[in-house]
Each structure stands twice: as structure tokens, then as C-alpha cells.
Protein chains: 2
Amino acid sequence: MEKYYTIGDVAARTGISAHTLRYYDKEGLLSFVKRSESGTRLFTKEDFEPLYTITVLKKSGMPIKKIREFMTLYLQGNKTIHDRYVMFNEQRQSLLEQIAELEDMLKIVDYKCWYFQEAEKRGDINYYKKLPEQEVDQRIIEFNKIVDDFREGVAKED
Amino acid sequence: MEKYYTIGDVAARTGISAHTLRYYDKEGLLSFVKRSESGTRLFTKEDFEPLYTITVLKKSGMPIKKIREFMTLYLQGNKTIHDRYVMFNEQRQSLLEQIAELEDMLKIVDYKCWYFQEAEKRGDINYYKKLPEQEVDQRIIEFNKIVDDFREGVAKED
DNA sequence: ATAGATGTTAGAGTATACTCGAAGTCAAGA
DNA sequence: TCTTGACTTCGAGTATACTCTAACATCTAT
């Protein structure tokens with residue numbers, strides 16, 4: 001006799017609501033889950049691995065439709081190992097790009113935090129414009145260069 | 001005589017479509033943009049800085065409504081410098097958390113890439129289950145521990 | 001045996017962020 | 001002058017991912 005988990009059990013353990021789990025099932029992400037005679041979903045211990053994989057792909061920014069593609073491969077067993085590797089490898093690239101973009105944004109936001117503090121000290125958001133050029137902090141000059149590039153249409157491929 | 005940019009100019013330079021720019025305006029993000037007598041939006045050189053700031057906040061994951069709050073502060077000038085600092089500082093925290101989460105996901109995805117390659121070599125997605133325990137790679141043991149925690153409901157606060 | 005908790009489905013509703021279409025206005029060149 | 005292209009608004013449509021409700025079934029514990 002195997003132990004089964006109901007949708008409520010799974011919801012309580014994983015933090016994914018029962019509503020969301022049913023939605024995922026409807027979207028074809030949970031085809032591996034067995035049903036009782038009366039239709040109740042019966043999750044097994046083993047089902048938590050693909051379920052965990054779904055959460056990882058979700059948090060990596062993969063849309064539901066593409067996760068469904070992955071799960072379709074998963075259901076086909078050993079003959080799709082390579083295809084699944086390819087999908088994860090692409091997702092790896094996507095993650096690297098997302099992280100790089102957020103790190104770029106972090107740099108700008110860090111600068112802005114610094115700049116707002118400087119401006120607050122002086123009570124003037126445009127204080128640097130009244131300074132002789134040599135006294136303007138390099139960070140401000142660099143930021144203004146970025147904004148100039150933005151205005152000139154440099155690197156608008158996103 | 002000041003040079004003006006139309007919405008089409010701005011779209012071409014920034015890569016943000018004119019449709020999207022009008023949508024942003026409707027949502028209150030572009031209240032700083034002047035209009036001609038006949039209603040045409042007239043962007044100035046200076047408008048590109050707040051516009052750039054909007055793109056940075058967007059790419060940092062800030063929702064439009066919150067960007068509107070920021071722009072409301074922006075329009076009020078020097079008396080809101082501190083509030084704007086606070087918003088950017090919060091966004092900084094949010095970015096650090098997003099990056100940390102994506103890096104966690106990257107670790108899992110890296111592992112999965114490695115594991116799929118190992119499984120592909122052996123033609124069996126569950127090859128390790130047939131191995132004597134001492135021969136199972138440490139990475140597999142650690143991953144299984146993570147899945148076990150997931151099933152046990154450890155760290156479901158997200 | 002029956003109440004109450006939990007399960008089921010289908011389908012509607014919400015939130016976010018666009019994205020597009022229609023109908024009309026306006027300015028500049030042939 | 002007239003056509004053309006770019007601008008305007010309003011409102012509808014799309015995509016994604018939930019989130020919830022209603023009506024009903026089933027399981028469990030007293």
C-alpha cells in the first residue's frame with residue numbers, strides 16, 4: 001500500500017494553492033498525477049520531484065506553455081533525455097541573461113541611491129548643474145552619458 | 001527655440017513603441033511631457049532622463065502603478081528627494097532578492113544540465129537508483145535532499 | 001446516519017501590461 | 001489645394017497567470 005497525498009496536502013507542503021495546482025493540471029503540467037476511482041488526485045512521494053522541477057522552471061521565468069512542453073517530454077521517458085537537456089540548457093542561458101540584466105539595473109539603482117543622498121544633502125535635485133565642470137563627480141558624468149546614449153538611440157535592442 | 005521630439009521620434013530612439021508610450025502616458029507616467037496647441041506630445045532633451053528612469057524601474061520589475069507613484073514624487077521637485085531615495089532603496093533591496101533567487105535557480109538548472117548529460121550517457125533517467133549507494137554522486141544526493149525538503153514543506157515561505 | 005471538511009469540474013472574474021483599430025485632426029510637400 | 005503621413009483619443013482585444021464561485025460528489029469522524 002502506497003501513501004498518497006491529496007491536493008490539499010500538496011498545497012500545504014509546497015505553498016502552491018490547491019486552486020493553482022488544479023490550474024496547472026488543466027494546463028497540462030500535472031498529467032503524471034494519478035486519480036482515485038472517484039476522480040480525486042492522488043500525488044505520490046515521487047510526484048514531488050517533477051512538481052519541484054515545475055517550480056524551478058516557473059521561478060526561472062519559463063511560461064506555463066513551455067513548461068507543458070517539458071512535461072510532455074518528461075512523460076515520454078528515456079527517449080527524451082536529450083531534448084530535456086536542451087531545454088534546461090536554453091533555460092540556463094536565459095537565467096544568465098536575466099541575472100546580467102538585473103545586475104545592470106542594480107548598478108543604475110545603486111547610483112541613483114547615491115545621487116539622491118547627495119541631492120538631499122544639498123536640497124537640490126539638480127545641484128551638479130551649478131557646479132564648475134571639474135567639481136562634478138565622475139559618477140554623474142557617466143550616468144549622463146548613459147542617458148545621452150538612450151536619447152541617441154544607442155543599444156535600443158533589448 | 002527648443003528642439004522637440006515627437007512620440008514617433010522617441011519611439012524610434014528608445015525602442016519603446018508609440019502605442020506603449022501613449023499607454024504609459026495614460027497611466028500617468030509621462031505627465032512631464034508638454035503638448036503643442038493641437039495636442040501633440042512634445043518631448044524635450046531633458047525628458048529623456050525621467051523616461052530612462054522609467055525603463056530602469058520597469059526592468060527592475062517595478063509595476064506601472066508604483067512607477068506612477070515615483071513620477072508623482074518626481075513632479076513635485078526638491079521636497080520629495082528623500083521619498084524618492086527611499087523608493088530607490090527599496091527597489092535596490094528587491095533587485096538583490098530577485099538576483100539571489102535567480103542565482104539559486106541557476107544552481108538547480110546547472111545541476112539538471114549536468115544530470116541530464118549523465119543520464120543521457122547511460123540511456124536511463126533513473127540510472128543512479130540502480131547504483132550502490134557509495135557510487136552515487138554527491139550532487140545527486142544533495143539534489144534529492146532539496147526535493148525531500150520540498151515534499152516535507154521546508155522553506156515554503158516564498 | 002449525517003454533518004462538515006475536502007475533493008471535483010466548468011466557467012467566470014481579476015490583474016497586469018500591453019497592443020491594436022477606428023475615426024478623426026493637423027502640418028508639410030507636390 | 002490636396003494628399004500623405006504622423007499625430008490624437010477612446011475603447012476594445014490579447015496574453016499570461018492566476019483566483020474564485022457555484023454546484024455537486026465523496027470521505028471521515030461522531
Side-chain angles (χ1 to χ4, degrees), chain A residues 1-31 33-44 47 51 54-71 91 94 98 101 105 156 158, chain B residues 1 3-31 33-44 47 51 53-71 91 94 98 101 105 156 158:
Chain A
M1 76 303 180
E2 193 163 8
K3 197 201 162 179
Y4 290 117
Y5 302 79
T6 67
I7 202 166
D9 294 335
V10 175
R13 282 157 183 272
T14 65
I16 308 168
S17 79
H19 276 313
T20 301
L21 286 167
R22 288 196 197 97
Y23 164 69
Y24 286 171
D25 197 2
K26 191 156 55 177
E27 292 301 314
L29 308 194
L30 305 185
S31 314
V33 179
K34 285 203 292 188
R35 299 291 189 117
S36 74
E37 287 230 338
S38 60
T40 299
R41 288 173 189 82
L42 301 174
F43 292 77
T44 66
D47 288 345
L51 192 50
I54 288 168
T55 69
V56 169
L57 292 175
K58 269 243 75 223
K59 289 183 187 175
S60 302
M62 188 181 280
I64 263 73
K65 278 185 184 178
K66 203 164 177 198
I67 300 178
R68 172 170 52 207
E69 282 176 46
F70 178 80
M71 295 314 295
Q91 198 57 24
S94 161
Q98 290 177 63
E101 165 124 321
M105 294 308 110
K156 67 172 175 293
D158 246 55
Chain B
M1 74 304 178
K3 196 202 161 180
Y4 290 117
Y5 302 79
T6 66
I7 203 166
D9 294 336
V10 175
R13 282 157 183 274
T14 64
I16 308 168
S17 80
H19 275 313
T20 302
L21 286 167
R22 289 197 196 96
Y23 165 69
Y24 286 172
D25 196 3
K26 191 157 54 177
E27 292 302 313
L29 308 194
L30 305 184
S31 315
V33 179
K34 285 203 294 191
R35 298 291 187 117
S36 75
E37 288 231 339
S38 59
T40 299
R41 288 172 189 82
L42 302 173
F43 291 77
T44 67
D47 288 345
L51 192 50
T53 301
I54 288 169
T55 70
V56 169
L57 292 174
K58 268 242 74 219
K59 289 183 186 176
S60 303
M62 187 181 279
I64 263 73
K65 277 186 184 176
K66 203 163 178 198
I67 300 179
R68 172 169 53 209
E69 282 176 46
F70 178 80
M71 295 314 296
Q91 199 57 22
S94 160
Q98 290 177 66
E101 165 123 321
M105 294 308 109
K156 69 169 175 293
D158 247 54

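Below, chain A is the first sequence line, B the second, and so on; all start at residue 1. The structure displayed is predicted, hence computed values, not measured ones. Atoms considered below: every heavy atom in the structure, side chains included; atoms not considered: hydrogens, waters and symmetry mates.
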A:Ala11 and A:Ala18 have their tightest heavy-atom pair at CB-N, 3.7 Å
Over all heavy atoms of both residues, which pair between A:Leu29 and A:Ile54 is shortest? Give the atoms and the distance, please. O-CD1, 3.4 Å
Mind grabbing the angle between the end helix axes of the helix from C:dA1-D:dT30 to C:dA30-D:dT1? Five pairs an end, 10° rounding. 10°
Rounded to the nearest Å, what distance is computed from the CZ atom of residue B:Phe43 to the P atom of nucleotide D:dA6? 16 Å
Roughly how many Å is it from CZ in B:Arg68 to P in C:dC18, rounded to a whole number? 14 Å
If I take atom CD in residue B:Glu37 and atom C1' in nucleotide D:dT8, what distance separates them, rounded to the nearest angstrom? 15 Å
Kindly give the heavy-atom pair with the smallest separation between A:Gln91 and A:Leu57, and that separation in Å. CG-CD2, 4.3 Å
One thing to verify: whether A:Arg35 and A:Asp25 come together as a salt bridge, which I'm taking to mean a side-chain N less than 4.0 angstrom from a carboxylate O. yes
What integer distance in Å separates A:Asp25:CG from C:dT9:P? 7 Å
Give the rounded distance in Å between these two atoms: CG of A:Leu30 and P of C:dT9. 11 Å
In whole Å, what is the span from the OH atom of B:Tyr4 to the C1' atom of D:dA6? 19 Å
If you compare all heavy atoms of A:Tyr4 against all heavy atoms of A:Asp9, which two are closest, and at what distance to 0.1 Å? O-OD2, 4.3 Å
Contact pattern, 5' to 3', of nucleotides 17-30 of chain D - B, S or - by protein heavy atom under 4.0 Å: BBBBB----SS---
Mind checking if B:Arg22 touches a base, just sugar-phosphate, or nothing, with heavy atoms under 4.0 Å? base
Looking only at heavy atoms, the pair that brings A:Val33 and A:Leu42 closest together is CG1-O, 3.7 Å
For A:Ile7 and C:dA5, give me the distance from atom CD1 to atom P, rounded to whole Å. 19 Å
Using atom CG of B:Leu21 as one end and atom P of C:dC20 as the other, report the distance to the nearest whole Å. 14 Å
Quick check against the 3.5 Å criterion: does B:Ser36 have a side-chain atom that pairs as donor or acceptor with the backbone of B:Ser38? yes
